[in-house]
Amino acid sequence: MSDLSSRRKFLTGAAAAVAALPAGGLLAAPQATAPTQRPAAQPRKLPAAGQFPVKAISSKNGLAATKRAYELLMQGKDTLDACVEGVTIVENDPNDMTVGYGGLPNEEGVVELDAAVMHGPTHQAGSVAALRNIKNPAQVARLVMRQTDHVLLVGEGALRFARAHGFQEENLLTEKARKIWLYWKQSLSEKDDWIPPPDLELDPEIRKYFGRPTGTIHLAGINAAGDISCVTSTSGLAFKIPGRVGDSPIVGAGLYVDNTVGSCGSTGRGEANLQNLSSFAGVEMMRQGMSPEEAGMEVLRRVAKTTPKRLLDDKGRPNYSLKFYLLSKDGRHAGVSMWGPAEFSVTDKSGSRIEKCVFLHEGEPAD
Ligand code: ASP
């Protein structure tokens, strides 16, 4: 029996087993109950004007970014500008191989970046997708929002727009990213003409990235006036088909903010968010009265339920990672993850720190 057919057979049984599980799975946070079991939401009292708790939250790779964004929020800078400036630090960092300069390339070895910004006070958004040669796509996305009548520019058009605004083109593929890509390509198949180097000759740093590492930065900030903005920036799925666009630049999928409710953004399998408009869903659930944690967990369960069989493990659980970062208007926040333990970054008046995500399943995704 081929691997595929034995896997299919196994999954049919697994799906039935999952259908019998409680909605939250075995490891769901106890307080994250299904919405139908929830008493009617009580409106929460918001802080007085000018006294909202200032904070910035992000994916784990954005600790320095939240720190910078928080400083700027405290100085009274516009919430979106504060978030973009934080994210720029990570986009410029060649050691973060999931965002901006140094990000892992597509299957042809070319770095293609996606980013989106959303400004709560004006409910405006801007984004760019499959942008090549420009290391700060979040800044370009902000210009799409502020200086065009559009929301999303892609590929060559996005590049020309960036050039028109004076962004310098540069090669975003670092030597390390090129070597990781080359090793991936050489290891793909025994039926092609590419052969990986002998194990002994392979730099252990490169081997560390074997597989398809995932990552992105999402960062959201709230200021003392209670205004909220957020940004998502990524090099996308490593070794993707050229032109593939993930969730990150799609408003409602990779990020969303409603200034009266809160924000949600995501890292992980973009296709799952594109099919569920997960960030929009997270904000809408908070609007209905759920806490950031409850809303995030509910979206994870919804995504898990609609996951196709080919992406379920032998216990019927999604075999990919997915995280949401949620901020509510009253200043509460949460990070939630399909798999855990997992972490995210926060800076507020108590300082900068890594916090733990609540998670749906324990361990690592099987894929
Ligand atoms: N969400 C990103 C995408 O699908 C990738 C990631 O966060 O790992 O492009």
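Atom set for the values below is all heavy atoms of this structure, side chains included, hydrogens, waters and symmetry mates excluded. In listed order, ligands and their atoms are each counted from 1.
Counting non-hydrogen atoms of other residues, nucleotides and ligands closer than 6.0 Å to NZ of Lys240 gives a total above 12. Around the CZ atom of Arg302, the shell of radius 6.0 Å holds no more than 12 heavy atoms that belong to other residues, nucleotides or ligands.
Taking a cut-off of under 4.0 Å to the non-hydrogen atoms of Leu237, the atoms of ligand 1 that pass are 9 (O). Ligand 1 places these atoms under 4.0 Å from at least one heavy atom of Thr267: 7 (O). Contact atoms of ligand 1 toward Gly236: 9 (O) (distance under 4.0 Å to a heavy atom of the residue).
Exactly one residue among Ser248, Ser235, Pro249 makes a side chain to side chain contact (heavy atoms under 4.5 Å, CB included) with Leu113. That residue is Ser235.
The residue from Thr214, Ile250, Thr216 that puts a heavy atom closest to atom 7 (O) of ligand 1 is Thr216. Nearest-residue assignment for atom 5 (C) of ligand 1 (options Gly268, Gly246, Ser266; heavy-atom criterion): Gly268.
Considering only non-hydrogen protein atoms, atom 8 (O) of ligand 1 sits nearest to Gly215 N, 2.7 Å.
Relative orientation of the His218 and Tyr325 rings is parallel, given thresholds of 30° and 60° on the angle between their planes. His361 and Trp339 have tilted rings, their planes meeting at an angle from 30° to 60° on a 0 to 90° scale.
Glu112 places no side-chain N or O within donor-acceptor distance of the main-chain N or O of Pro105, the cut-off being under 3.5 Å.
Residue contacts with ligand 1: Asp247 is placed with a nitrogen or oxygen under 3.5 Å of a nitrogen or oxygen of the ligand (distance criterion only). In terms of polar-atom proximity, defined here as any N/O pair under 3.5 Å, Arg244 does make such a contact with ligand 1.
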